[in-house]
Amino acid sequence: MTNTNSIKELLTGNKKGETVNINGWVRTFRNNQFIALNDGSTINNLQIVIDFNDYEDSFLKRINPGTAIGVEGELVESLGKGQTVEIKANKVEIYGDSDPEKYPLQPKRHSLEFLREIAHLRFRTNTFGAVFRVRNSLSFAIHKFFNERDFVYMHTPIITGSDAEGAGEMFKVTTLDLENPPKNEEGHIDYKQDFFEKPTNLTVSGQLEAELGAMAFSKVYTFGPTFRAENSNTSRHLAEFWMIEPEIAFADINDDMDLAEELLKYVINYVLENNIEDLRFLEQRLIQEEKQKPQNERSDMPLIEKLKFVLENDFERLTYTEAIEILLRSKPNKKKKFKYVIEKWGADLQSEHERYLVEKHFKKPVILTDYPKDIKAFYMKVNDDNNTVRAMDILFPGIGEIVGGSQREERYDVLLERMNKMGVPADEMQWYLDTRRFGSAEHAGFGLGFERLVQFVTGMGNIRDVIAFPRYPGNARF
RNA sequence: GCCUCCAUAGCUCAGUUGGUUAGAGCGGCGGACUGUUAAUCCGUAGGUCCAAGGUUCAAGUCCUUGUGGAGGCGCCA
């Protein structure tokens, strides 16, 4: 049987009365009559009604959770209560059996930890079906947003010869024999004999290359995988994750913040308009999950309300200096409830401080700007006070930093001086500096962690559950 | 990398101050029923109590180490 329809399409009901073909995987088979069929196109199942007198017992026993089948039948109004339409089957064909003794997914609740161990099958659950359909929508919405605004989608290299991106530990890329690497006269590894004739790594950011693009196309963005070899063991870090990095020329930090806020609202709105059934399921899932938690750890809003709240409210914008003043005056700081008590301007904000600002003080997304230059990267534009840089971080409730960005330093001399002071090898990065030598212009950009966005929109607590096959310390399965 | 907690049936869990034969629900298997909605009802099988060592007359239970998992912190997106 050829699949000419999706369940999503058939459930709209405008093919009622027609004979249709449908393929999918059995979720449950009740009463020897009712097959709940799912094909991944929607969270909803299509009910297939069969007359068990038409089939051998041995055939009916093969219809189990996970079995792949094809059905031909008439789409009719349902006699039962749980659905509007169903298929009265004329013909059922089994494509692939699913041994019920061995198939790990039962029609019951499984723990997310267990499903993570069978990540190759977890797409077939309601939760992960919803998560990955939302992930797909977010991905599409991001491209749509930039495309509608004449951004050029740029593919920056995955393998980089630069180790100065400064965003974290890198994974080495080599074809040398690690058991017996060639050595040079000084006894060091001789990278001249390596594939690229120099040390190379997996990229930790496409930003520097995106800046080069912005200095020609005016508006560019990247959307690709990034790799960090940090030994991070948290529910918001991955060793391989996807990042969106727009870069805009003739723009300052305010344009940058406007762009980021507009993008986040646009994609959240897109998902609300296109994935509402998945979101409703995820909202219920989260409510059930949080019933196990004490009251004060539960979300103060249901998922969909939270998403609408983000859409309808301006993000709170304030400077690092203002944030420090709020924190210094805050109760947990005065009563020394913070693990790291804020004592003076210049302190790096810990996640407990960010959480206080977002979840307790403002109760909405916050954009912090103008951080002390000593705690930020070399490429950020130095303010006239010579103490702060035009950095901006967007902090979201529950997940912390979702966006990190800045206006870039476009002045050749200032940039070169900062590189030298911070130990960034300027001679190896002449290509980067060249944009400041030839037609330099104000420009800005940011990095948006895609998985953190998916986490926020789906309400999933662990980042390992919003990417198909997560990579983290000690784990590269599948 | 650091701190805390957890590990019992295929899954989700219970198991008292250490006490002799380790339980339940779901799932599986056998049967009944046949407009069900994680169907229901009856019956039944299923255990290296994470691993190694130790304490004890006696360890699922206490101790040590290891392994795996979760949460938090740091690094960041």
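In the text below, chain A, chain B and the rest are named by the order of the sequence lines, each starting its count at 1. Values below: all heavy atoms of this structure, side chains included; hydrogens, waters and symmetry mates excluded. Because the structure is a prediction, the values reported are computed rather than measured.
- Note on A:T234: a base of the nucleic acid sits closer than 4.0 angstrom, heavy atoms only.
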Check step by step if ring-ring contact (aromatic ring centres under 6.0 Å, His included) holds for A:Y221 and A:H143.
CA-CA 9 Å; A:Y221 73 105; A:H143 286 298; 5.6 Å; yes
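- Remark: the A:N462 side chain and the A:R236 side chain contain no N/O donor-acceptor pair separated by less than 3.5 Å.
- What separates CZ of A:R236 from C1' of B:C73 is a distance of 10 Å, to the nearest Å.
- Rounded to whole angstrom, the span from the NZ atom of A:K102 across to the C1' atom of B:C11 amounts to 17 Å.
- Side chains of A:N23 and A:D39: no donor on one and acceptor on the other come within 3.5 Å.
- Rounded to an integer number of Å, the gap from A:L448 CG to B:C76 C1' is 14 Å.
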Paired and unpaired positions of RNA chain B as dot-bracket, Watson-Crick or G-U wobble under 3.5 Å, | denoting a partner strand
(((((((..((((.....[...)))).(((((.......))))).....(((((..]....))))))))))))....
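- The C1' atoms of B:U4 and B:C42 are separated by 47 Å, rounded to the nearest whole Å.
- One atom, NE2 of A:H110, and another, C1' of B:G25, lie 14 Å apart when rounded to the nearest Å.
- Comparing B:U12 with B:U21, their C1' atoms sit 25 Å apart, to the nearest whole Å.
- A:E354 and A:Q350 share no side-chain donor-acceptor pair at under 3.5 Å.
- At a cut-off of 3.5 Å, with distance as the only test, no side-chain donor of A:E240 or A:Y472 sits close to an acceptor on the other residue.
- Mapping A:N64 and A:K61 onto RNA chain B by nearest heavy atom places A:N64 closer to the 5' end of the strand.
- B:C11 atom P lies 14 Å from atom CG of A:L121, rounded to whole Å.
- Annotation: A:F123 is in aromatic contact with A:F132 [ring centroid separation under 6.0 Å].
- Between the P atoms of B:A45 and B:G30, the separation comes to 15 Å (whole Å).
- Regarding A:E352, its CD atom lies at a distance of 14 Å from the C1' atom of B:C3, rounded to whole Å.
- Here A:F34 and A:F29 keep their ring centres 6.0 angstrom or further from each other.
- The same atom, C1', is picked in B:U8 and in B:A14; the two are 10 Å apart, to the nearest Å.
- Side chain of A:T458 to main chain of A:V454: a donor-acceptor pair is present (N/O by atom type, distance under 3.5 Å, no hydrogens or angles).
- Position along RNA chain B of the nearest nucleotide to A:G404 versus A:N475 favours A:N475 as the more 5'-ward residue.
- The nearest whole Å value for the distance from the CG atom in A:D348 to the C1' atom in B:C76 is 11 Å.
- Residue contacts for A:L105: at a heavy-atom cut-off of 4.0 Å it reaches no nucleic acid atom on any strand shown.
- Between A:I394 atom CD1 and B:C76 atom P the separation is 18 Å, expressed in whole Å.
- A gap of 15 Å separates the C1' atoms of B:U61 and B:G23, to the nearest Å.
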At under 4.0 Å between heavy atoms, how does the protein contact nucleotides 34-46 of chain B? Give one character per nucleotide, 5' to 3', with B, S or -.
BBBBBB-------
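- Considering only the side chain of A:S232, B:G74 comes nearest among B:A70, B:G30, B:G74.
- For residues 462-478 of chain A, the pairs satisfying salt bridge (Lys or Arg N to Asp or Glu O under 4.0 Å) are A:R116-A:D465, A:R122-A:D465, with sequence neighbours left out.
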Please step through side chain to side chain contact (heavy atoms under 4.5 Å, CB included) for the pair A:F315 and A:F396, ending with a clear verdict.
CA-CA 10 Å; A:F315 295 4; A:F396 263 32; 3.9 Å; yes
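- Between the side chains of A:S78 and A:Q83, at least one donor-acceptor pair of N or O atoms lies under 3.5 Å.
- Minimum atom distance to the side chain of A:R452 is reached by B:C76, of the listed B:G74, B:C11, B:C76.
- Nucleotides B:G47 and B:A7 are separated by 15 Å at their C1' atoms, to the nearest Å.
- At a threshold of 4.0 angstrom between heavy atoms, the contacts of A:N462 are confined to the sugar-phosphate backbone, with no base atom among them.
- As judged by a 4.0 angstrom heavy-atom cut-off over every strand, A:P100 is placed among residues touching the sugar-phosphate backbone only.
- Spacing of C1' atoms, B:G69 relative to B:U17, comes out at 30 Å, to the nearest Å.
- Comparing the same atom, C1', in B:A58 and in B:G19 gives a spacing of 7 Å after rounding to whole Å.
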